[in-house]
Amino acid sequence: MTTRRGFLAGLMASTLTSQASWAGAGSPAFLSAGKDASGAFLLAGLSDTGGILFRHPLPGRGHAAAAHPVRPEAVAFARRPGRFADVIDCRSGAATARLEPPAGHHFYGHGTFSPDGSRLFTTENDYENARGVIGVWDATGGYRRITAFSSGGIGPHDMALRRDAPGLVVANGGIETHPDSGRAKLNLPDMRPNLSYLSLEGELQAQMELAQELRLNSIRHLAVRADGTVGFAMQWQGDPGEQLPAAGRHRPGTAPRLMAEDDARVLNLNGYGGSVAFSADGSRIGVTSPRGGVLQIMDTVSGALLREVRMRDVCGLAPSAGGFTASTGTGRLIAVSDTGQTLLHRADLAWDNHLIPLI
């Protein structure tokens, strides 16, 4: 599998040797939002062993981040319903731009760059019109907003680049919200979560909806395997305590495969998939639950639950050479392999929901 570091090495050996690279920021393995002991919010770059390579203050609680594919530049997104996205030079730690969505919109906490890094895509709520929107920003010209298009549903949360074809995959959680109502869910009787596959220009190319009995399982977070298989994590909005899957996989044109759906241990997730990731070799898929304090690892093909690891306030998850790396709200970074788990680092920080890999 080609890594970001390998790609950058090729660039450095080519005619682009004068361009700044992630090596100038210490070659971080992960990005994560967090909160320090004083209550201040930040975005940090972490080494593969958890050392903090850089940190940048944020004006409010962060959620996820997007890493530019070439430049040592990250965009930190506010937790929904936030209205800031800070563009950060990860060498100096300086903010080079602050993005704000148009009036009547707020960010949903996630975004991604186009493959060439020329555009930034952001998930947004057009709350006055109760529709999901993907904002498009010019990453070559000071992050000027270029346009926007439909996300294919309501409540777009996570979004990722497809790997089987040019385009985006969007997790439309299906939940209508409005800032005047805080985080209240306004449309539970009519929820229809979906995965929408869009071109980079916003054309809807394919869409997957869950079965009717699972329509309250909000599709929230994504991972994409090298062959284009999409892993998704869900958050149940129905009666608590029901035995329902919190993770699945999908390819356009096929039915979704739900993970561990007949295993009673899915109850340990408390109906809440916080983050999802494939292992580096793609054979396993992991889902975390901070509410349940657990990481579950399933076989990607069969969906069988292979392993369950208890971790207090675990949420962030990313692939690593030996399996997975997880982050917790107690400041821990933990390596999880088939043979056990290893504490890599303990920081005086509370890591937020996501551990964004730069590999």
Side-chain angles (χ1 to χ4, degrees), residues 80 108-110 123 125 130-134 150-160 162 164 167-177 185-198 204-225 228-278 285-289 291-292 296 298-305 317 353:
R80 74 171 180 92
Y108 262 114
H110 288 265
T123 54
N125 183 14
R131 69 186 188 114
V133 165
I134 305 302
S150 171
S151 70
I154 291 174
H157 192 65
D158 203 356
M159 172 175 52
R162 294 181 64 174
D164 57 339
L168 302 165
V169 55
V170 182
N172 286 299
I175 301 173
E176 180 187 347
T177 59
K185 300 158 186 175
L186 304 176
N187 69 329
L188 293 186
D190 304 309
M191 263 186 68
R192 293 181 62 185
N194 70 52
L195 285 180
S196 287
Y197 296 85
L198 309 174
L204 181 62
Q205 299 174 323
Q207 195 170 71
M208 183 278 288
E209 288 191 358
L210 299 170
Q212 177 65 18
E213 62 269 21
L214 293 175
R215 66 171 188 81
L216 292 179
N217 225 357
S218 178
I219 302 173
R220 308 287 287 176
H221 294 113
L222 301 174
V224 184
R225 199 167 65 174
T229 299
V230 175
F232 57 94
M234 298 170 284
Q235 296 175 6
W236 178 244
Q237 307 301 313
D239 293 334
E242 295 194 46
Q243 184 180 318
L244 291 160
R249 61 171 169 81
H250 183 251
R251 292 288 298 271
T254 69
R257 178 69 166 91
L258 300 180
M259 302 288 108
E261 59 181 328
D262 298 320
D263 195 312
R265 289 174 290 176
V266 298
L267 285 165
N268 297 335
L269 295 166
N270 283 0
Y272 190 94
S275 288
V276 62
F278 286 104
I285 186 170
V287 62
T288 60
S289 174
R291 293 183 182 177
Q296 292 187 348
M298 285 78 68
D299 180 86
T300 302
V301 176
S302 71
L305 178 51
L317 191 67
N353 293 60

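All values below were derived from every heavy atom in this structure, side-chain atoms included, with hydrogens, water molecules and symmetry-related copies excluded.
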I need the [X] [atom1] to [Y] [atom2] distance, nearest 0.5 Å.
X: L269; Y: L244; atom1: CG; atom2: CG; value: 11.0 Å
X: R192; Y: L210; atom1: CZ; atom2: CG; value: 11.5 Å
X: R80; Y: I175; atom1: CZ; atom2: CD1; value: 6.5 Å
X: R251; Y: R257; atom1: CZ; atom2: CZ; value: 16.0 Å
X: L168; Y: S151; atom1: CG; atom2: OG; value: 11.0 Å

Next item on the list: Could you note down all residue pairs passing side-chain hydrogen bond (donor to acceptor under 3.5 Å, both in side chains) where residues 232-247 supplies at least one of them, sequence neighbours left out?
Entry: K185-Q237, R220-Q235
Note to self: Would you say D158 and H221 are linked by a side-chain donor-acceptor pair, where the criterion is simply a distance under 3.5 Å?
What the structure shows: no
Note to self: Any donor-acceptor pair under 3.5 Å linking the side-chain atoms of N270 with those of S289?
What the structure shows: no
Next item on the list: Verify, without hydrogens or angle tests, whether N172 (side chain) and G132 (backbone) share a donor-acceptor contact under 3.5 angstrom.
Entry: no
Margin query: So does T288 get a backbone contact from the side chain of S275, meaning a donor-acceptor N/O pair under 3.5 Å?
Written below: no
Note to self: Contact between L258 and M234 at the side-chain level, heavy atoms closer than 4.5 Å - yes or no?
What the structure shows: yes
Notebook entry, point to check: Less than 4.5 Å apart, any side-chain heavy atom of I134 and any of T123?
Noted result: yes
Only counting residues at least two apart or in another chain, list the ones meeting side chain to side chain contact (heavy atoms under 4.5 Å, CB included) with [X].
X: L305; answer: A260, D263, R265, Q296, M298
X: E176; answer: A130, I154, L186, N187
X: R225; answer: D227, T229, F278, T300
X: R215; answer: M191, Q212

Next item on the list: Show your reasoning for whether side chain to side chain contact (heavy atoms under 4.5 Å, CB included) applies to V230 and M208.
Entry: CA-CA 11 Å; V230 175; M208 183 278 288; over 6 Å; no
Notebook entry, point to check: Mind checking what makes side chain to side chain donor-acceptor pair (under 3.5 Å) contact with D164, not counting sequence neighbours?
Noted result: R162
Margin query: If the condition is side chain to side chain donor-acceptor pair (under 3.5 Å), which residues does Q207 pass it with, not counting sequence neighbours?
Written below: S196
How close do [X] and [Y] get, heavy atom to heavy atom, and via which atoms?
X: A246; Y: G273; result: CB-N, 4.2 Å
X: A223; Y: A277; result: CB-CA, 3.8 Å
X: V276; Y: L222; result: CG1-C, 3.6 Å
X: S150; Y: G153; result: OG-N, 4.5 Å
X: R249; Y: V301; result: NH2-O, 2.9 Å
X: S218; Y: G173; result: OG-O, 2.9 Å

Margin query: Holding to ring pair (Phe, Tyr, Trp, His ring centres under 6.0 Å), I want the full list of residues that pass it with F232, two or more places apart in sequence or in another chain.
Written below: none
